[in-house]
Amino acid sequence: MPGKRKYTNATFTKRVDHEAGRHRTLRAMSEPAVCEECGAVYADRRWIAKQTGSEDKKHKHWRPPTTTVCPACQQKRTGEPRGFVYLDGAFFDAHHEEVEQLLRNESERAAEDNPLARIMEWKPGEGHKLTVSTTTEHLAQRLGHALEKAFSGRTKYDFSHENKLARVNWQRD
Ligand SMILES: [Zn+2]
């Protein structure tokens with residue numbers, strides 16, 4: 001995203017320590033914690049998606065949450081994706097709105113299963129009609145399946161075990 005601030009891990013750690021008022025590490029994060037960027041909540045040692053209207057059904061151990069940044073938002077800041085989906089072919093030119101809507105819908109459904117699965121960036125060009133990066137390998141694969149199911153075309157899946165990176169090529173001419 002243009003003009004987006006870059007954060008280092010050092011900045012992040014310092015900030016959390018400062019906001020919590022005492023030293024704590026991510027490993028021993030206090031619960032509940034809420035992500036200041038996306039509103040995801042950490043409780044019972046797992047992340048759950050932002051709850052809307054959850055004020056009246058608070059967790060039984062509810063305390064005012066600590067503010068933090070969830071791993072998915074941290075990943076967005078550091079810009080290290082785990083998956084890429086490359087979209088190509090003439091079909092995309094004529095139907096890019098439908099295609100993009102499908103990707104958004106599918107990533108929202110994926111976030112219900114795993115709130116840390118997110119689309120990181122949408123980049124037009126760079127040798128493809130569109131490149132979408134994701135925080136998890138699984139989400140890139142899932143988006144590939146969704147494209148294939150909704151719009152046919154050809155899909156190719158590559159997975160690098162070395163750097164745990166999924167690359168999905170989808171094309172419809
Ligand atoms: Zn977040």
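Everything quoted here is computed from the prediction, not taken from an experiment.
Note on L102 and F91: same hydrophobic cluster, where clusters join Ile, Leu, Val, Met, Phe, Trp and Tyr whose side-chain heavy atoms are under 4.5 Å apart, directly or indirectly. Placement of V99 and F84 in two distinct hydrophobic clusters is found when ILVMFWY residues are connected by side-chain heavy-atom separations under 4.5 Å, directly or transitively.
The closest donor-acceptor contact from the side chain of E31 to the backbone of R45 lies under 3.5 Å. In this structure, the side chain of T135 engages the main chain of R118 through a donor-acceptor pair within 3.5 Å.
Residues passing the salt bridge (Lys or Arg N to Asp or Glu O under 4.0 Å) test with K156 are D158, sequence neighbours excluded. A search for side-chain contact (heavy atoms from CB on, under 4.5 Å) contacts involving P71 returns W47, L116, not counting sequence neighbours. Under the rule for a side-chain contact (heavy atoms from CB on, under 4.5 Å), the partners of D88 that lie at least two apart in sequence or sit in another chain are Y86, H128, K129, Q171.
Under a 4.5 Å side-chain heavy-atom criterion applied to ILVMFWY residues, the cluster that includes V34 comprises V41, I48 as well.
To the nearest 0.5 angstrom, D93 atom CG is 10.5 Å from D173 atom CG. Expressed to the nearest 0.5 Å, how far CD of Q75 lies from OG of S133 amounts to 9.5 Å. F159 CZ to H138 NE2: the interatomic distance, rounded to the nearest 0.5 Å, is 11.5 Å. Distance OG1/T136 to CE/M120: 10.5 Å, rounded to 0.5 Å. The distance from the OH atom of Y42 to the OG1 atom of T68 is 10.0 Å, given to the nearest 0.5 Å. Between the CD1 atom in I119 and the NZ atom in K76 there is a gap of 9.0 Å [rounded to 0.5 Å].
Looking at E80 and K164, no side-chain N of the basic residue comes within less than 4.0 Å of a carboxylate O on the acidic one, giving no salt bridge.
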Which donor-acceptor pairs under 3.5 Å do side chains of residues 145-154 form with protein atoms, sequence neighbours excluded?
{"residue": "H145", "atom": "ND1", "partner": "Y157", "partner atom": "OH", "Å": "3.1"}
{"residue": "E148", "atom": "OE1", "partner": "T155", "partner atom": "OG1", "Å": "3.4"}
{"residue": "E148", "atom": "OE1", "partner": "Y157", "partner atom": "OH", "Å": "3.3"}

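Considering H96, H95, Q101 in turn, H95 is the only one that fulfils the side chain to side chain donor-acceptor pair (under 3.5 Å) rule with E98.
When all heavy atoms of A111 and A49 are compared, the pair lying nearest together is O-CB, 4.2 Å. Of all non-hydrogen atoms in A140 and V85, the two that sit nearest each other are O-CG2, 3.6 Å. Between C70 and C38 the shortest heavy-atom distance is SG-SG, 3.8 Å. Between C35 and V69, the shortest heavy-atom contact is SG-CA, 4.0 Å. The minimum heavy-atom distance between N163 and R82, with the atom names listed, is O-NH1, 3.9 Å.
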Check: Going through the distances and angles, do L87 and L103 end up as a side-chain contact (heavy atoms from CB on, under 4.5 Å)?
Finding: CA-CA 11 Å; L87 295 93; L103 294 174; 4.2 Å; yes

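Sequence neighbours left out, the pairs with a member in residues 103-114 that pass salt bridge (charged side-chain N to carboxylate O under 4.0 Å, His left out) are E106-R109, E106-R142, D113-R142.
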